[in-house]
Amino acid sequence: MSGTGRTNGGHGRLGSVLSGLAVAVGCVLFLGGFVWGAVEYQPYTVPTDSMDPTVKAGDRVLAQRISGDDVRRGDVVVFKDAQWGDMPMVKRVVGVGGDKVACCDDKGRLSVNGKSIEEPYVARMPGGLASTTGFGATVPKGQLFLLGDERSGSLDSRVHLQDQGQGSVPRSTVTARIDAVAWPPSGLIERPDAFAALPGGVSEPGPVTLLVGSVVLGALLILGGAAYGPIAQRLSRRRTGPTGRTDGEVSTVAG
């Protein structure tokens, strides 16, 4: 009589099915994340240091395509206005229609409607001042007042105070809102808490975190599913002896 080992063909077929499913789901998540990202976001390279230290010259950012009506104080936006050179620019919104924006208070801070705004990104400015020059402006309805985070050198609404609108630009000039610095990786763009305390609050980041998670998870599933076959074969060889029997299997032959 002869003994025979049990095969693991059932388990092998199940593993193959699961690995194929993992690859398929991974492809959907990976490609879907990129497609979704292409619809929601436009990549943009920042040309100057006017937003330093938040965004530096040469940084590659992800800017969500939005309507100007969705912009809130504290947002870092991409806009293009004829009076500003008719080219894409990146600035932070510090005032919306009806706001009275002024600088500086007795501690060198920006104020909006009489409320002083703590802005952590201006700490490195000369004297920690929110502006090297004093100013005041009332933002017309439907307009936005914009400043660069690098207040000592940024050419922003302060330069255009004598223009119509006292340096502000129409909401319609905004094409996108920057959610994150993609390269070098720096994470999400924060909205200062002080703006959140004003009427209307601050905006929420777009789905950039979900998009990145979808792409990363998809890549892991694809790699894991594709690696199953070679790993299963290697493990199978280790369990199988040189004669093809499973390690520990004994054949008996009647004498």
Side-chain angles (χ1 to χ4, degrees), residues 41-66 68 71-96 101-104 107-112 116-135 137 139 143-163 165-169 171 173-195 202-203 205-206 208:
Y41 288 91
Q42 65 183 65
Y44 183 78
T45 301
V46 177
T48 70
D49 274 324
S50 69
M51 283 300 298
D52 185 49
T54 305
V55 185
K56 303 180 186 300
D59 282 358
R60 192 75 168 171
V61 299
L62 294 178
Q64 185 183 18
R65 296 179 174 90
I66 62 167
V71 174
R72 300 289 183 268
R73 303 180 193 88
D75 287 344
V76 177
V77 298
V78 180
F79 69 100
K80 185 169 69 171
D81 184 78
Q83 292 187 337
W84 291 51
D86 204 25
M87 63 181 63
M89 303 187 75
V90 177
K91 303 293 179 188
R92 188 182 295 273
V93 177
V94 299
V96 299
V101 182
C103 199
C104 300
K107 293 185 178 180
R109 296 172 298 185
L110 180 77
S111 68
V112 178
S116 296
I117 305 296
E118 293 288 350
E119 299 178 280
Y121 37 79
V122 303
R124 298 191 308 178
M125 298 301 103
L129 299 177
S131 177
T132 53
T133 57
F135 68 89
V139 187
Q143 304 273 108
L144 302 170
F145 198 86
L146 305 124
L147 298 178
D149 287 357
E150 206 293 294
R151 300 288 164 79
S152 62
S154 173
L155 301 179
D156 46 40
S157 288
R158 295 171 296 175
V159 179
H160 299 274
L161 289 173
Q162 303 306 316
D163 296 348
Q166 298 186 61
S168 61
V169 301
R171 284 181 175 270
T173 63
V174 174
T175 59
R177 177 179 56 216
I178 296 178
D179 269 352
V181 178
W183 191 261
S186 301
L188 297 176
I189 300 293
E190 297 294 334
R191 283 76 163 169
D193 292 338
F195 287 115
V202 295
S203 63
V208 62

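Everything numeric here is computed off the predicted structure, so don't read it as measured data.
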Pair L146-V169, side-chain contact (heavy atoms from CB on, under 4.5 Å): steps then yes or no: CA-CA 8 Å; L146 305 124; V169 301; 3.2 Å; yes
Please test E118 against R109 for salt bridge (Lys or Arg N to Asp or Glu O under 4.0 Å), starting from the C-alpha separation and ending with a verdict. CA-CA 7 Å; E118 293 288 350; R109 296 172 298 185; 2.8 Å; yes
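The distance from atom CG of L147 to atom OG of S131, rounded to the nearest 0.5 Å, is 7.5 Å. Taking CG of D52 as the start and CG of D149 as the end, the distance is 8.5 Å to the nearest 0.5 Å. Y41 OH to R177 CZ: the interatomic distance, rounded to the nearest 0.5 Å, is 8.0 Å. Separation of atoms CG (L129) and CD (E119) is listed at 11.5 Å; rounding is to 0.5 Å.
For the pair F135 and V101, the minimum side-chain heavy-atom distance is below 4.5 Å. Considering only heavy atoms from C-beta on, L155 stays 4.5 Å or farther from W84 through its side chain. Under the 4.5 Å side-chain criterion, counting only non-hydrogen atoms from C-beta, F145 is in contact with L161. Looking only at side-chain heavy atoms (C-beta outward), V181 and V55 come within less than 4.5 Å of each other. Between R171 and V96 there is a side-chain heavy-atom pair separated by less than 4.5 Å.
Put simply, the side chain of R191 gets close to the backbone of I189: a donor and an acceptor are under 3.5 Å apart. The backbone N or O of P88 lies less than 3.5 Å from a partner atom in the side chain of Y44, making a donor-acceptor pair. At distances below 3.5 Å, not a single donor-acceptor pair connects side-chain atoms of S203 with backbone N or O atoms of V71. Looking at D75, its side chain never comes within 3.5 Å of a backbone N or O of V77 through a donor-acceptor pair. Remark: the backbone N or O of A57 is paired with a side-chain donor or acceptor of D49 at under 3.5 angstrom. Distance alone, capped at 3.5 Å, places no donor-acceptor pair between the R65 side chain and the A176 backbone.
Nearest heavy-atom pair across V94 and F195 is O-CE2, 3.8 Å. Minimum heavy-atom separation, A130 to L110: CB-N, 3.5 Å. Here the shortest heavy-atom pairing between R124 and P53 reads NH2-CB, 3.1 Å. In terms of heavy atoms, S168 sits closest to G165 at OG-O, 2.6 Å. Scanning both residues, G68 and V174, for their nearest heavy atoms gives CA-CB, 4.2 Å. For the residue pair M51 and V90, the shortest heavy atom distance occurs at CG-O, 3.6 Å.
The only member of D59, V61, T54 that meets side chain to side chain contact (heavy atoms under 4.5 Å, CB included) when paired with I178 is V61. Between S50 and the options K91, E150, R92, R151, a side chain to side chain donor-acceptor pair (under 3.5 Å) holds for only K91.
Side-chain contact of R158 with T133: a donor-acceptor pair under 3.5 Å is absent, judged by distance alone. With 3.5 Å as the limit, one finds no donor-acceptor pair spanning the side chains of K80 and T175.
Within 6.0 Å of atom CG in D193, 12 or fewer heavy atoms from other residues, nucleotides or ligands are found, so the atom counts as exposed in its surroundings.
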